[in-house]
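Structure record follows, encoded as structure tokens.
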Amino acid sequence: MTVESTAARKARRSAGSKTGDTGTPGGTGTEAAGTTGTAGPKRTSSTTSAKRAPRAARAPRKDAEPQLVQLLTPEGERVRNAEFDPYVAGVTPEELRGLYRDMVLTRRFDAEATALQRQGELGLWASLLGQEAAQIGSGRATREDDYVFPTYREHGVAWCRGVDPTNLLGMFRGVNNGGWDPNSNNFHLYTIVIGSQALHATGYAMGITMDGADSAVLAYFGDGASSQGDVMEAFNYAAVYNAPVIFFCQNNQWAISESNEKQTRVPLYRRAEGFGFPGVRVDGNDVLASLAVTRWALERARRGEGPALIEAFTYRMGAHTTSDDPSRYRHDDERIAWEAKDPILRLRRHLEAAHHTDEGFFAELEAESEALGKRVREVVRAMPDPDRFALFEHAYADGHALVDEERAQFAAYQASFADTEAEGV
């Protein structure tokens, strides 16, 4: 599917359609001053942008501990940060409740998808459990005309971009290659090939510059993908061409069964130093900090100050996918320690302590959450069964004897189940 640039679509969009909100349910709708503007800003050099980077984004001393941007503690207490507070200064109690709602509904959807896979309705599912704050915070920082390139786990970002959750499930059931039009929401199709979307995002961002638009691009990947050559090539291209792309790494501590210690000798956000642009490590379980840091990065990109790397330090509380067994490579005490930093519980504590909500709000949200789960179940069960033989159809344009042989073997294997059922076994 051809991806159409935002600038090329401006002619057929109504004038003045840009807003600071995605227009989707539960959005914060808040943008710091200076995020909108006219097309064709003057692009400055990456050297200049490095000088403007906040202290948290500058290279630390070799003996310094990694700096972590945090605005809400695990206990829900507000932490002041002179550098990033301005980016969330206008967030209202209503918008905080919207962020909470986003995280709760995203987690409910994710839990339902996991259950559906266990029931045989989906072939596979990649859970985001524990990563809701990183995704909702960064997703709500985007503008409508920004473009997002996800991996296969960005269900919360898809929610923020207005993609119907049920559209994510067709691919995992095997009935389509992605159930949404990327150009409708500026949210690209899920990418299974690890790290390749970083190059796609960089190329798109370079095109934005050529079009003279003032939008930006957000590229997601995990800590495991940070070891891929495609990601490093994307970093280099983005730096050299001063592309308005933000690389958002969700460091959930495990690349399937490989821990961070087996992937890198330095904190991931410091990899940006070698390419000449700033990197920031943010508390990925803090939705407010994720919102603030992503807004900072997107705003500087829109001003023509080039790329940035955000490392959202979080934790994958579930399995890598439903085919994975994390008990084989990590201990329960690690998971329990991270559960105490739960992103949803953290914001709830803050809302309650600040008297920004009441029990009625939580009761209504619980009912909405159950309704979402019911709708997801109904939609998935109404989907057609996947064509088991489709995987053989496009391996070669003109067919191949080996593929024909494999198809026949697979057909015989499938027929064996019918024979067993007929015998009543």
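This structure is a prediction, so every number in the text was calculated from the model and none was measured. When a residue number appears, it is its place in the shown sequence, counting from 1.
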>> Between Phe362 and Thr357, does the side chain to side chain contact (heavy atoms under 4.5 Å, CB included) criterion hold? Intermediate values first, please.
In response: CA-CA 8 Å; Phe362 296 117; Thr357 189; 3.5 Å; yes
> For Asp385, which residues count as a salt bridge (charged side-chain N to carboxylate O under 4.0 Å, His left out) partner, sequence neighbours excluded?
Replying inline: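 So Asp385 forms a salt bridge (charged side-chain N to carboxylate O under 4.0 Å, His left out) with Arg173.
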>> Asp332: which residues meet the salt bridge (charged side-chain N to carboxylate O under 4.0 Å, His left out) condition with it, sequence neighbours left out?
In response: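 Applying salt bridge (charged side-chain N to carboxylate O under 4.0 Å, His left out) to Asp332 gives Arg335.
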>> Quick one, Met317 with Asp342, criterion side chain to side chain contact (heavy atoms under 4.5 Å, CB included). Give me CA distance, side-chain angles, the key distance, then yes/no.
In response: CA-CA 9 Å; Met317 288 200 284; Asp342 185 281; 3.6 Å; yes
Can you measure from [atom1] ([X]) to [atom2] ([Y]) and round to the nearest 0.5 angstrom?
X	Y	atom1	atom2	value
Arg281	Cys249	CZ	SG	9.5 Å
Leu218	Ile246	CG	CD1	7.0 Å
Arg377	Gln119	CZ	CD	8.5 Å

>> side chain to side chain contact (heavy atoms under 4.5 Å, CB included) for Gln135 and Trp159? Distances and angles first, verdict last.
In response: CA-CA 9 Å; Gln135 294 195 16; Trp159 173 270; over 6 Å; no
With no hydrogens and no angle check, is any side-chain donor or acceptor of [X] less than 3.5 Å from a backbone partner on [Y]?
X	Y	result
Glu132	Gly130	yes
Arg153	Ser127	yes
Gln253	Thr314	yes
Glu393	Ala390	no
Asp211	Ala213	no
Tyr100	Glu95	no

Side-chain ion pair, [X] and [Y], N-O less than 4.0 Å:
X	Y	value
Lys341	Asp286	no
Arg271	Glu311	no
Arg107	Asp102	no
Asp283	Arg346	yes
Arg348	Glu352	yes
Glu94	Arg97	no
Glu75	Arg349	no
Asp223	Arg316	no

>> Less than 6.0 angstrom separating the ring centers of Phe277 and Phe235, yes or no?
In response: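 Ring centroids of Phe277 and Phe235 are less than 6.0 Å from each other.
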> Do Phe149 and Tyr204 make the cut of ring centroids closer than 6.0 angstrom?
Replying inline: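 Distance test on ring centres: under 6.0 Å, yes.
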> Step by step, would you call Gln70 with Thr73 a side chain to side chain contact (heavy atoms under 4.5 Å, CB included)?
Replying inline: CA-CA 7 Å; Gln70 183 182 85; Thr73 69; 3.8 Å; yes
[Y] side chain reached by [X] side chain, heavy atoms, under 4.5 Å:
X	Y	value
Gln414	Arg388	yes
Phe221	Ile194	no
Trp338	Glu334	yes
Met232	Phe275	yes
Gln250	Tyr220	yes

>> I need the full list of ring-ring contact (aromatic ring centres under 6.0 Å, His included) pairs touching residues 101-140, with sequence neighbours left out, sorted by first then second residue.
In response: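 For residues 101-140: Phe109-Trp125, Trp125-His155, Trp125-Phe172.
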> Taking all non-hydrogen atoms of both residues, which atom of Leu298 and which atom of Ala216 are closest, and how far apart?
Replying inline: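 Residues Leu298 and Ala216, closest heavy atoms: CD2-CB, 3.8 Å.
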> Given Leu291, which of Ile136, Val282, Val91 fulfils the side chain to side chain contact (heavy atoms under 4.5 Å, CB included) condition?
Replying inline: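 Result for side chain to side chain contact (heavy atoms under 4.5 Å, CB included) with Leu291: Val91.
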>> Students often mix this up, so state it plainly: with edges at 30° and 60°, are the rings of Tyr241 and Tyr237 parallel, tilted or perpendicular?
In response: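 It falls in the parallel class, under 30°.
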> Do the numbers put Arg161 on top of the ring of Phe187, so that NZ or CZ is under 6.0 Å from the six-membered ring centre and no more than 45° off the axis?
Replying inline: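 Verdict for Phe187: no cation-pi partner in Arg161.
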